[in-house]
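To start, the structure itself, in structure tokens.
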2 protein chains.
Amino acid sequence: MKKHTREALLDSAFNTFYKHGFQGANIATILNDVGINKGSMYHFFKSKKDLGLTVVEERIARNLVNKYTSVKSVKELFDVLCSAPKTLIYGCPLNKMSQEMIYIDSDFQKILSTTYAKFETLIQEVLEREEVTNSALKAKQIIATYEGALMIYHLNQNADCFVSVLRALEKEL
Amino acid sequence: MKKHTREALLDSAFNTFYKHGFQGANIATILNDVGINKGSMYHFFKSKKDLGLTVVEERIARNLVNKYTSVKSVKELFDVLCSAPKTLIYGCPLNKMSQEMIYIDSDFQKILSTTYAKFETLIQEVLEREEVTNSALKAKQIIATYEGALMIYHLNQNADCFVSVLRALEKEL
DNA sequence: AATTTACTTGACTGTTTAGTCAACAAGCAA
DNA sequence: TTGCTTGTTGACTAAACAGTCAAGTAAATT
């Protein structure tokens with residue numbers, strides 16, 4: 001039960017922040033969900049903010065890296081991107097937290113910007129692997145379209161446009 | 001001073017919600033900013049939520065409509081979109097509020113979805129005016145790219161990619 | 001077995017916050 | 001002037017919430 005509490009806390013905190021936002025999230029909800037008490041959480045994390053920053057590092061950033069480092073081709077990349085609406089039920093966690101936090105807290109701003117940069121680099125590397133020209137700009141185009149289309153999907157509650165927009169982009173590369 | 005208080009309240013509320021999010025916003029800050037007292041606000045709005053929904057209607061949606069109904073050509077549309085980073089200092093207000101609220105409160109979900117639909121229709125109409133084929137999908141493509149690029153701009157604090165991504169999209173129409 | 005370290009408990013504190021209310025003032029119509 | 005509607009005041013309430021702490025238990029170290 002040593003590592004378990006900390007990891008369970010991060011899992012539950014990720015889910016809660018993902019749905020309610022960082023500011024809207026209630027620590028009591030997380031504690032109740034994990035089935036532990038206050039002091040136990042404050043043993044591992046010195047504040048709600050500390051918990052939030054660790055969620056970005058050890059959940060959001062880590063999931064992103066795991067997902068995209070295994071991607072080898074452009075086709076594979078688009079397949080992964082197109083499968084997003086099934087899993088990202090409240091939108092893109094990185095995007096959502098960025099929109100909320102970057103102009104509110106500079107520590108969040110730093111870690112979220114860094115995480116985004118990693119994401120962009122991973123996409124760029126996939127493009128370079130197949131010698132796509134102008135990979136830096138193309139990576140940004142792909143991410144921009146992906147993030148925007150995901151938002152439209154959630155606002156419309158309709159995945160049709162999400163996949164068609166991404167497939168149209170794929171053809172233009 | 002009859003209409004003034006209500007309008008000043010909506011202006012300040014819009015700015016505060018835009019920066020801090022709806023949940024993170026503090027009513028006392030808004031009241032202090034406008035220079036009035038609690039009861040005065042609750043004379044015009046029955047709750048914070050009521051204020052929030054009215055901000056969406058009378059500020060976010062109205063600004064959007066005013067901005068895009070005057071746009072007549074595709075070139076003009078992209079000029080307006082490309083000028084966004086200078087004015088939208090905390091990102092796209094509609095996108096930001098949507099990411100925060102659509103899975104938290106169904107009244108916000110409804111009004112934000114409706115507002116988004118209006119936005120999409122306006123863009124589509126500009127495309128149709130110049131007989132762009134497949135205007136429904138193209139409108140979604142433009143908005144997706146625009147929203148995503150705006151996010152990247154804010155996370156990177158660098159506008160270069162924003163304009164190049166949008167200009168690249170313009171050429172593909 | 002003894003002692004230190006790691007983890008847990010849950011009541012408690014202090015603050016922040018949305019929302020209420022009764023009394024008061026201004027604008028206006030008769 | 002009188003009365004009515006609209007808007008304003010600011011103290012008050014009640015709840016929610018992040019964070020603390022002293023005392024306890026479990027686990028590892030010697």
Is it the case that B:Lys19 places NZ or CZ above or below the six-membered ring of A:Tyr103, under 6.0 angstrom from the centre and within 45 degrees of the axis?
->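 So B:Lys19 doesn't make the cation-pi contact.
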
From [atom1] of [X] over to [atom2] of [N], roughly how many Å is that when rounded to an integer?
X: A:Asn32; N: D:dC17; atom1: CG; atom2: P; value: 12 Å
X: A:Leu9; N: C:dT8; atom1: CG; atom2: C1'; value: 13 Å
X: B:Phe45; N: D:dT8; atom1: CZ; atom2: C1'; value: 15 Å
X: B:Ile30; N: C:dT17; atom1: CD1; atom2: P; value: 12 Å

Check whether any side-chain nitrogen or oxygen of A:His43 sits under 4.0 Å from OP1 or OP2 of C:dT8, and answer yes or no.
->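 For A:His43, the contact criterion (side-chain N or O under 4.0 Å from OP1 or OP2 of C:dT8) is not met.
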
Please check the phosphate of D:dG10 (OP1 and OP2 only) for any side-chain N or O of B:Asn37 closer than 4.0 Å.
-> yes

Step through the shown structure and confirm whether more than 12 heavy atoms of other residues, nucleotides or ligands are within 6.0 Å of CD on A:Glu172.
->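 Atom CD in A:Glu172 is crowded, with more than 12 foreign heavy atoms closer than 6.0 Å.
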
Residues B:Glu120 and B:Lys140 bridged, charged N to O under 4.0 Å =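 Yes, B:Glu120 and B:Lys140 are salt-bridged.
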
Would B:Arg6 and B:Glu58 pass as an ion pair if we require N to O under 4.0 Å?
-> yes

Going by the salt bridge (charged side-chain N to carboxylate O under 4.0 Å, His left out) test, name the single residue among B:Arg167, B:Lys67, B:Lys72 that passes it with B:Asp79.
-> B:Arg167

If a protein heavy atom is under 4.0 Å from the base, mark B; if only from the sugar-phosphate, S; if neither, -; do that for nucleotides 18-24 of chain D going 5' to 3'.
-> BBBB---

Identify which nucleotide among D:dT6, D:dT9, C:dC7 has an atom closest to any side-chain atom of B:Ile36, counting heavy atoms from C-beta outward.
-> D:dT9

So, for A:Leu127 and A:Ala139, which heavy atoms are closest and what is the spacing to 0.1 Å?
->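 Looks like CD1-N, 3.6 Å.
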
